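Note that the coordinates shown come from a computational prediction; the quantities given were computed from them, not determined experimentally. Remember, it's 1-based here, ligands and their atoms both numbered in the order they're listed.
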Amino acid sequence: MIAFASASDDIAAAAATTAKIERLAAYFRTLDPENLRAAARFATGNPLAARDDRRLAIGGRTLVAAARNVWGFDDAALTAAYRETGDLGEALARIWDRPAMPGLFAETLTPASFAALLDELASTDGGHRGARRPDFKGKTAGKRRERFCERVFRACGSPREVAYVAKILTGDLRIGLREGLVLDAIARAFERDPRTVRRAASAAGDVGAVALAARDGVLEQIAIRYFAPIGFMLATPVTFGSSYRELATGEWLAEDKYDGIRAQAHVRHGEVRLFSRTFSDISRSFPEVVRALSGAQRDLIVDGEIVARRDGAVLPFRYLQPRLQRIDPTPELQAEIPVQFVAFDLLAAGEEFLLDEPLLERRAQLALPACAGEAFALAPWHALDPGVSPDVIAGLFEAARARGNEGLMLKRADAPYVPGRRGKWWIKLKRELSTLDVVVVAVEWGHGKRNRVLSDYTFAVRRSAGDPELLALGKAYSGLTDTEIAEMTTWFLAHTTSPAGGHALPVEPKIVIEVAFDIIQKSTLHPSGYALRFPRIVRLRPDKAPHEIDTLADVERIYREMLDREGVTR
Ligand code: AMP
C-alpha cells in the first residue's frame with residue numbers, strides 16, 4: 001500500500017481537478033490487474049464495490065482499539081492528533097510507532113492483498129446492508145473486526161500506510177476524489193471515452209471492474225442488464241420561494257416529491273426485484289408491490305418511490321417506518337400499512353435501454369399501460385411554461401403538500417437519466433416545517449475542515465415561560481458562516497462550564513439561535529421528549545435574550561399543528 005499512499009498524498013496535494021486526474025491516471029497505469037481493480041475501488045473511498053451488498057461496519061472505536069493493541073499510545077496523544085488533523089487516519093499516522101511485534105506472517109499489504117482480506121472479513125462477518133444477520137452484532141463479531149484491523153495495522157510498515165488503510169476502512173479518503181473523477185482518471189489512463197467509462201460504471205456498480213475492462217479494452221462488454229441495479233439519479237436542492245432562475249431556460253415539468261423510500265423495480269418475464277438506493281434487494285419487504293409488478297405486460301426497469309398509502313391518501317413517512325423495520329412483513333402489517341410504488345421514470349422497456357432518451361420520451365413510454373393494482377401508480381406531472389412565475393410554483397407546491405407529499409420536484413423535459421449524479425437536471429423543493437428560537441447548551445468540535453472550531457451545537461427550549469429549566473431538543477451542524485463559527489468558538493471557549501476540555505463542552509446558556517426543521521417527532525432521545533428532523537441553524541439571534549426563547553408549549557403546538565395538517569386524529 002506504500003505506492004497507493006504516496007499516490008494519494010500526491011493527489012491530495014494537487015489543487016486542480018485536472019492535476020488530480022492526471023496523477024491518479026499515472027498511478028493506475030503502473031498497476032497489474034488485481035491491484036488495479038482494488039486501487040480503483042479504494043480511490044473512491046470504498047472498501048468494497050459500490051454494488052456489494054455486504055458491509056464492514058468498522059467504526060472508529062474498533063480502529064483505535066486495534067491500533068492501541070498493535071503499537072500502544074496514550075489517549076491524550078490521540079486526542080491531540082485528532083484535534084490537529086480532524087481525521088482519524090491522519091491522527092493514527094501521527095502517533096504511529098513501529099510495532100515491537102510485527103505480524104505473524106510478516107505480511108506486506110498491497111491493494112490486492114488488502115482487498116482480499118476485506119472480502120474475507122465481509123464474508124465471515126455476514127453483515128448486510130438493509131438486513132441484520134444474527135452474527136453481525138455482539139462481542140464476538142466486534143472482537144473479530146478488532147483482530148482484523150490489528151492484522152492489517154501490523155502489516156503496515158509506515159505511517160502513511162496506516163493513514164490510508166484507516167481511511168479506506170472508514171470509507172473516506174478525503175483527498176478530493178469523487179467517483180466521477182476516478183472514472184475520468186480511468187478513461188485518461190487507458191485512453192478511453194469518458195462517457196463509455198461512466199456508462200460501464202453505472203452498469204457494473206463497481207469501479208474496480210470498470211478499471212479492468214478499460215485496461216483490457218472491453219468496456220462494451222459491461223452492459224446495462226436486468227436485475228443489476230443502475231445508479232439512482234439525484235436532485236439538487238433549491239430554496240422554496242427563490243426566483244427559480246434555473247427554470248428560465250428549457251422546458252420543465254413538475255411532480256410531487258413523495259416522502260417514502262426510493263426504489264428501482266426490475267421486471268423481466270414476470271420476475272420482479274426491487275432495489276434500494278444502496279442497491280440492496282428489498283423485494284421481500286414489499287410483496288404487494290412485487291405482486292402488482294409481476295402482472296406487467298412487458299419487461300421494465302422503473303424508478304420510483306415506495307410510499308405508505310391508505311384509502312387513496314399518502315401517509316406521512318413515519319407510517320412507513322414499521323414496514324422498513326421488517327424484512328418479511330406479516331399479513332397484518334401489510335393490511336395495516338399498505339404501500340404503493342409511485343413510478344416516475346422508465347430506464348428500460350423490453351430490450352431497449354432508455355437512459356439517453358429525454359425525460360419526456362421516457363415519461364411517455366412509462367404511461368403506456370404496464371400493470372395495474374393498488375400497489376402501483378404513475379406519478380402525475382405538469383408541464384411548466386418557460387419562465388414560469390414563482391407564484392405558479394408556490395401553487396403547485398401547496399397542492400403537493402395538501403396531497404400529503406413533501407414538496408415538489410422540478411425536472412428538465414429533455415434531461416437524460418444520469419445515474420448516480422446530483423445535477424441541475426432535477427431540482428427538489430422542500431420547505432421547512434417551522435423554526436424555533438432556542439439556546440445553545442453544549443458545543444462540540446467539528447469534523448474534517450471544521451476540526452478546529454466548535455461547530456456542532458446542542459440546543460434547548462425552556463420548560464415554560466415561568467420555569468427556566470432548559471430541555472435539550474437536538475443538535476445542529478450547519479448554517480452559520482465560517483466567520484460566525486470562528487467568533488462563536490472563541491466565545492464558547494471562554495464560556496464553557498467545563499474548562500477541563502473534552503470533545504463536548506457544556507456552555508453557559510446565553511447564545512440564542514433560530515433553527516429550522518422539516519419534521520418534529522416524539523422521542524426519548526432528548527429530555528424535551530421531542531426531536532427535530534434535519535435541524536439547521538438559520539441565524540444567530542443576538543437580539544433575543546435567553547429568557548425569551550421558545551418553550552416546550554411552542555414545540556407541542558407545532559407538533560399538534562403538524563399532525564392536524566396530516567389529518568391524524570389523536
Ligand atoms: P432528498 O432525499 O430530500 O435528498 O430528495 C431526493 C429524493 O426524493 C430522491 O432520492 C427520491 O427518493 C425522492 N423523490 C420523491 N419524489 C420524487 C420524484 N417525483 N422524483 C424523483 N425523486 C423523488
Solution key, residues 348-361 side-chain donor-acceptor pairs under 3.5 Å, sequence neighbours excluded:
{"unit_1": "E351", "atom_1": "OE2", "unit_2": "R268", "atom_2": "NH1", "d": "3.1"}
{"unit_1": "E351", "atom_1": "OE2", "unit_2": "R268", "atom_2": "NH2", "d": "3.3"}
{"unit_1": "D356", "atom_1": "OD1", "unit_2": "R199", "atom_2": "NH2", "d": "3.1"}
{"unit_1": "D356", "atom_1": "OD2", "unit_2": "R199", "atom_2": "NH1", "d": "3.2"}
{"unit_1": "E361", "atom_1": "OE2", "unit_2": "Q365", "atom_2": "NE2", "d": "3.2"}

Distance-only donor-acceptor hits, side chain of residues 284-292, under 3.5 Å, sequence neighbours excluded:
{"unit_1": "R284", "atom_1": "NE", "unit_2": "D328", "atom_2": "OD1", "d": "3.1"}
{"unit_1": "R284", "atom_1": "NH2", "unit_2": "D328", "atom_2": "OD2", "d": "2.6"}
{"unit_1": "S285", "atom_1": "OG", "unit_2": "I327", "atom_2": "O", "d": "3.3"}
{"unit_1": "E288", "atom_1": "OE1", "unit_2": "R323", "atom_2": "NH2", "d": "3.0"}
{"unit_1": "E288", "atom_1": "OE2", "unit_2": "R323", "atom_2": "NH1", "d": "2.9"}
{"unit_1": "E288", "atom_1": "OE2", "unit_2": "R323", "atom_2": "NH2", "d": "3.4"}

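If you check the side chains of E514 and T435, you find a donor sitting under 3.5 Å from an acceptor.
For the pair K411 and ligand 1, a heavy-atom separation below 4.0 Å is found. Residue contact check for ligand 1: M233 places no non-hydrogen atom closer than 4.0 Å to it.
Remark: ligand 1 atoms within the under-4.0 Å shell around heavy atoms of E255 are 18 (C), 19 (N), 20 (N). Residue M409 approaches ligand 1 through these ligand atoms, each under 4.0 Å from one of its heavy atoms: 17 (C), 18 (C), 19 (N), 20 (N), 21 (C), 22 (N).
In this structure, the side chains of V538 and V515 stay at 4.5 Å or more apart for every pair of heavy atoms.
With respect to R262 and E305, no salt bridge is recorded, no charged nitrogen being found less than 4.0 Å from a carboxylate O. Here E255 pairs with K411 in a salt bridge; the nearest charged N to carboxylate O distance falls below 4.0 Å. Salt bridge status for E444 with K475: present, with a side-chain N to carboxylate O gap under 4.0 Å.
Under 4.0 angstrom from ligand 1, the non-hydrogen atoms of D256 all belong to its backbone. Only the side chain of R277 comes within 4.0 Å of ligand 1, judged by heavy-atom distances. Contact annotation: for K257 versus ligand 1, heavy atoms closer than 4.0 Å belong to both the backbone and the side chain.
In terms of N/O distances under 3.5 Å, ligand 1 is approached by E305.
If you check each of F232, W381, Y258, W426 against atom 15 (C) of ligand 1, the one with the closest non-hydrogen atom is Y258.
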